[in-house]
Amino acid sequence: MAIPEQFIDELVARTDIADVVGSYVALTPKGGSLWGCCPFHNEKTPSFHVVPERQIYKCFGCGKGGGVISFIMEMENLPFLDAVKLLAKRAGLEVPETGENEAYRQKRARLLALSKETARFYHSCLKGPQGAAVRDYIAQRQISPRFATRFGLGAAPDQWDALIRAMTEKGYAKSELIDAGLAVASKNGGLYDKFRGRLMLPVIDVRGDVVGFTSRILPGLEGAKYLNSPETILFKKSRLIYALNLAKNTKRPNLILVEGNIDVITLHQAGFDNVVATMGTALTEEHARILARYTKELVLCYDNDAAGKQSTDRVLNILKNADLSVRVLQLPNAFDGQGHPIKQDPDDFIKKFGPAAFEKCLNGSAGQNDYRLDSLQARHDLSTEEGRMAYLKDAVATVAALQSPIERELYGNKAAAAAGLSGAAFAQEVARYRKDKAWRAKKAQDRRDLTPAAQLQPQARELRYENLRSARAEEGVIRLVLLEPALLDRLDGLGPESFSSPLLAKLLVLLRQRHSQGLSLQPGALSGTLSPEEMSHLAGILEQPQSRANSNQALHDYLDIIKTEAAKRGGAGQDPLMAVRDKLREKKSYGGQPHE
């Protein structure tokens with residue numbers, strides 16, 4: 001590693017994981033651990049916990065785990081070096097940078113500077129002769145010069161290499177243009193601009209850095225309507241939210257999520273500075289977690305056509321367990337001259353009816369449960385028996401999914417009234433539905449419990465064990481030496497080739513090296529060497545119980561299993577009958593943990 005290991009050790013030693021995690025997650029003490037709802041996946045029942053004694057975190061729901069550095073890497077979407085910097089600043093330490101990490105930092109800084117220069121180039125093109133067509137389009141969309149500047153709008157010249165020439169003149173290499181997603185290598189070895197003849201919208205992250213671009217083709221030209229930067233070390237669209245850098249400073253009590261970037265600009269111009277959008281991709285759980293850091297209420301305002309309503313339903317399913325209050329703003333239907341319904345998005349609505357009308361719709365936006373039931377009513381003909389039965393079936397499933405008994409009663413009565421049914425009868429159906437669903441979930445869990453071997457495997461497929469009995473003993477060795485590093489001195493006769501799991505062999509070598517160099521064996525200090533999946537699995541190993549009272553005997557038992565299984569893999573002269581007996585014993589024990 002480029003950063004001295006001694007510095008990482010000091011940083012981890014001076015950083016309490018409970019304090020760090022507690023600044024993001026509400027933690028409650030229970031059974032020697034701290035428990036809370038996982039910040040990495042949506043849940044209502046806490047399955048995420050922190051073990052201060054071992055300085056690790058682990059979620060039993062999504063499987064993520066590790067030490068304090070890996071937590072910051074996951075939580076803030078940061079590479080290792082930047083996570084170390086953040087924690088070092090928190091601890092009042094200065095990071096000594098050299099070597100590979102310094103090279104990565106310099107590369108990232110160069111790409112950020114290139115992206116910023118590119119945004120300036122496109123903005124200058126917008127003001128010049130080559131930006132006339134884009135200026136006309138911006139005027140057509142009724143975006144004022146002030147807001148064109150606020151959002152950094154620009155024009156990509158309709159030329160093959162305008163940006164390449166401009167940036168190479170400023171000293172940027174063509175390889176950097178490719179790495180930033182601004183240029184594309186052709187099959188014949190040439191290079192051309194990725195964006196040409198387009199309205200350019202820079203994407204700025206919450207730290208204020210230009211990390212990529214989204215663009216719109218001009219009317220009359222051929223090509224994709226919208227085109228984003230490709231995935232780069234800067235641009236991760238699954239974690240980026242357009243205009244959040246501006247909306248995070250709003251004084252309004254919520255954020256409004258719309259579908260299009262132009263919708264965002266139009267609404268900001270109309271006085272709604274709390275509007276954001278995803279980057280040309282569907283909302284993900286990761287987006288939901290990011291939004292929850294900046295608001296307690298999210299208002300969905302998608303297009304009012306069938307596709308927009310389908311998107312709203314899908315997003316509500318993603319947000320149902322998010323730590324957010326969710327409302328839905330349904331724009332009124334619009335009709336053409338023949339009375340046919342036409343699509344209406346926020347941009348259209350503002351231009352036709354003005355900010356005051358949008359504010360009125362915003363104030364009247366429905367809670368997500370009201371919206372769901374209203375949508376069900378619109379889908380079914382409640383004037384027929386068949387329609388009512390179909391509506392009730394869907395409504396029971398919708399109400400049964402609500403966690404709060406008060407909500408179930410409130411919305412259950414509303415659904416029952418719409419179908420002409422008594423609230424008591426509807427409540428009975430909801431109770432029966434929940435009981436049946438719980439029974440089916442228990443049966444599924446029972447089936448999983450009958451195959452414990454599968455439960456003992458690492459979640460990441462690439463880390464799966466080939467020899468479960470040996471791997472469980474190998475886990476025991478790793479767990480013991482992490483709890484009592486002095487036990488490493490008793491492993492002189494054990495080489496990594498005796499381990500059946502490549503990951504556990506890697507851990508053995510790593511721990512030996514660190515121990516011989518006098519470095520810390522704290523799990524949190526290993527984040528720079530192990531992948532997120534490996535760190536999560538290591539946290540899972542440390543979660544398992546291990547008594548220190550008989551650690552010497554336990555280590556002896558683990559080593560005996562490992563050596564026996566290693567000899568079997570050698571296969572020389574093994575009695576076939578004995579092999580069958582050993583296999584049966586493995587299936588029964590699944591690598592049972594001795595002396596735990």
Side-chain angles (χ1 to χ4, degrees), residues 1-5 7-9 11-12 15 17 20-21 38-41 48 50-51 54-87 99-105 107-108 231-236 238-239 284-286 289 456-466 471-472 474-475 477-479 481-482 496 499-515 519-544:
M1 285 179 55
I3 297 179
E5 293 282 5
F7 176 81
I8 300 296
D9 287 355
L11 176 63
V12 171
T15 305
I17 192 171
V20 173
V21 175
C38 180
F40 306 122
H41 81 285
F48 173 92
V50 176
V51 186
R54 299 182 182 181
Q55 288 293 296
I56 61 170
Y57 70 92
K58 181 67 178 177
C59 176
F60 293 110
C62 66
K64 289 187 183 295
V68 67
I69 298 176
S70 54
F71 177 82
I72 291 296
M73 290 171 67
E74 287 280 355
M75 196 69 199
E76 295 289 349
N77 186 28
L78 294 175
F80 175 76
L81 176 60
D82 290 344
V84 169
K85 282 183 176 180
L86 189 153
L87 288 172
E100 294 177 4
N101 281 336
E102 177 64 14
Y104 174 84
R105 186 195 67 78
K107 177 179 179 179
R108 192 172 187 278
E231 295 284 302
T232 68
I233 63 173
L234 304 180
F235 189 82
K236 308 288 184 185
S238 64
R239 297 190 174 192
T284 64
E285 290 188 357
E286 183 68 25
R289 289 192 291 273
L456 299 177
Q457 287 283 9
Q459 286 192 337
R461 187 168 296 277
E462 65 272 18
L463 304 180
R464 294 294 171 93
Y465 297 147
E466 291 186 6
R472 292 288 283 170
E474 294 158 25
E475 286 184 354
V477 171
I478 297 298
R479 187 166 50 252
V481 298
L482 282 169
F499 276 32
S500 64
S501 163
L503 168 59
L504 299 177
K506 173 183 175 180
L507 284 170
L508 176 66
V509 172
L510 176 62
L511 295 176
R512 271 182 167 156
Q513 288 176 345
R514 294 182 67 84
H515 185 59
L519 298 172
S520 168
L521 299 191
Q522 276 267 24
L526 308 179
S527 299
T529 307
L530 302 179
S531 71
E533 293 77 17
E534 291 170 339
M535 281 298 298
S536 293
H537 188 53
L538 177 59
I541 291 173
L542 286 173
E543 279 288 342
Q544 299 167 30

Starting from the C-alpha separation in whole Å, work towards a yes-or-no answer on side-chain contact (heavy atoms from CB on, under 4.5 Å) for Val84 and Phe7. CA-CA 10 Å; Val84 169; Phe7 176 81; 3.9 Å; yes

Reported CD1-to-CG distance for the pair Ile56 and Leu482, which is rounded to 0.5 angstrom: 9.5 Å

Give a yes or no answer on whether the side chain of Glu474 reaches the backbone of Ser501 with a donor-acceptor pair at less than 3.5 Å. yes

Looking only at heavy atoms, what is the nearest atom pair of Ser536 and Gly63, with distance? CB-O, 3.4 Å

Go through the steps to decide whether Ser500 and Tyr465 satisfy the test side-chain contact (heavy atoms from CB on, under 4.5 Å), and finish with yes or no. CA-CA 8 Å; Ser500 64; Tyr465 297 147; 5.9 Å; no

Check Phe40 against Cys62 and note the closest heavy-atom contact, atom names and distance. CB-SG, 4.2 Å

Between OG1 on residue Thr529 and CD on residue Glu5, distance to nearest 0.5 Å: 5.5 Å

In a table with atom names and distances, give each donor-acceptor pair under 3.5 Å that connects a side chain of residues 65-73 to protein atoms at least two apart or in another chain.
residue: Ser70; atom: OG; partner: Gly67; partner atom: N; Å: 2.9
residue: Ser70; atom: OG; partner: Gly67; partner atom: O; Å: 2.9

Contact summary for Pro496 and Ala505, nearest pair of heavy atoms: O-CB, 3.6 Å

Which residues share a salt bridge (Lys or Arg N to Asp or Glu O under 4.0 Å) with Glu543, sequence neighbours left out: none

How far apart are the closest heavy atoms of Arg514 and Ala525, and which atoms are they? NH2-CB, 3.5 Å

Minimal heavy-atom distance between Arg108 and Ile233, with the atoms involved, is CA-CD1, 4.2 Å

Would you kindly say whether Tyr57 and Glu74 are connected by a side-chain donor-acceptor distance under 3.5 Å? no

Worked check of side-chain contact (heavy atoms from CB on, under 4.5 Å) between Lys64 and Cys38: CA-CA 9 Å; Lys64 289 187 183 295; Cys38 180; 5.8 Å; no

Run the numbers on Leu503 and His537 for side-chain contact (heavy atoms from CB on, under 4.5 Å), then give the verdict. CA-CA 10 Å; Leu503 168 59; His537 188 53; 3.6 Å; yes

Hey, is the main chain of His41 close enough, under 3.5 Å, to the side chain of Glu285 for a donor-acceptor pair? no

Partner set under side-chain hydrogen bond (donor to acceptor under 3.5 Å, both in side chains) for His515, not counting sequence neighbours: none

What heavy-atom pair brings Val50 and Val21 nearest, and what distance separates the two atoms? CG2-CG1, 3.8 Å

